[in-house]
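Numbering of ligands and ligand atoms starts at 1, following listing order. What you are looking at is a predicted structure, and each value in this text was computed from that prediction instead of being measured.
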Amino acid sequence: MKKLSDILKQQYGEKIFKICLTSGCTCPNRDGKISLGGCSFCSEGGSGEFASAPGDIDTQIEEAKERIRNKTSASRYIAYFQSFTNTYGDVETLEKLYERVIRRKDIVILSIGTRPDCLGEDVLEMLRRLNEIKPVWIELGLQTMHDETAQRVNRGYQLVVFEDALNRLKSLGIQVIVHVIFGLPGETREDMLQTIRYLAALSPGPDGIKLQMLNILRGTELGRQYEENPFPLLSLEEYTDIAAESISILPEEMVIHRMTGDGPGNILIAPDWVRNKKKVLNTISRKLKEKNEVSFTNKC
Ligand code: SF4
């Protein structure tokens, strides 16, 4: 398993921190182009609660650096546009914004969260140009390979759209990171592992993956459904089992960017155990160690 922090340290010779920024884009799954409801798990902040307030991008960067000053002495950063759909807008305006960011000395990577159905030819051309300046990562919220689940949570696009976007991005040499959520309504453990096996078998496959437990948040459609009629969620044991199994399935070269989410605690309804990130990570590590011991014993 390759850990992102180790790879970055090796590549840049120091710890590289991520700063969350705001492009000002909305999302076609929320503004009516695809739907008005959005994905049923998505919060009002567009699944990016830690981003800076919109505004001048250099000010956003300086403020974001200031917020993490007590956590790190890092001098270089990944500029992460997480919330909403950051390729959904006027391409000329977006390119000016992203170019300004990527040309800064203190930014080493530009990471853009978006939807696979918001990557038209003009957007891809922009990404190709930006990727020539410094590495560009595209983060796609797939969440599940199952179209039936995707429809249930109102993701608003089908698996084939994701595959097409992945292929086109990879053909341009752009790194792709896929987000997967475990515990989506109606999914079994086997359904979740199928998503992982599917991603592991893709060629070209994603460069990285982010795993997360489904967080039920206040102000979301799922939050409303849950409060009306609470449904079962994965326990810490179940989630960490699936996460450890997933990590053992994924190819060695795929980088694990996240093994558990950083959900916004102030609007979290359930499950409560996700608040204890350290415990989640330690439990996954323990299970991974146990797996290695088993395979080692088997080999003996
Ligand atoms: S695509 Fe992203 S921003 Fe849009 S509704 Fe879904 S999770 Fe939210």
Discussion item. Please list all pairs meeting ring-ring contact (aromatic ring centres under 6.0 Å, His included) that have one or both residues in residues 111-165, counting only residues at least two apart or in different chains.
Written reply: Trp137-His257

Worksheet entry | Ser23 vs Asn86, side-chain hydrogen bond (donor to acceptor under 3.5 Å, both in side chains): CA-CA, chis, key distance, verdict | CA-CA 6 Å; Ser23 67; Asn86 295 290; 2.5 Å; yes

Discussion item. Going by ring-ring contact (aromatic ring centres under 6.0 Å, His included), name the pairs with one or both residues in residues 179-234, residues two or more places apart or in two chains.
Written reply: Phe182-Tyr239, Tyr226-Phe231

Worksheet item: If you count the atoms of ligand 1 from 1 in the order shown, which ones are under 4.0 Å from a heavy atom of Arg115?
Response: 1 (S)

Worksheet item: Which bit of Arg155 gets closer than 4.0 Å to ligand 1, counting heavy atoms only: side chain, backbone, both or neither?
Response: neither

Worksheet entry | Atoms of ligand 1 close to Gly38 [distance to a heavy atom under 4.0 angstrom, numbered from 1] | 5 (S)

Worksheet item: Atoms of ligand 1 less than 4.0 Å from Arg30 heavy atoms?
Response: 5 (S)

Worksheet item: Any donor-acceptor pair under 3.5 Å linking the side chain of Asp31 with the backbone of Lys33?
Response: yes

Worksheet item: Short check: any N/O/S atom of Cys39 below 2.8 Å from atom 4 (Fe) of ligand 1?
Response: no

Fill in: With Arg155, the side chain to side chain contact (heavy atoms under 4.5 Å, CB included) member among Thr144, Ile34, Thr149, Asn29
Thr144

Discussion item. Only heavy atoms of Cys27, strictly under 4.0 Å: list the atoms of ligand 1 that pass.
Written reply: 1 (S), 3 (S), 4 (Fe), 5 (S)

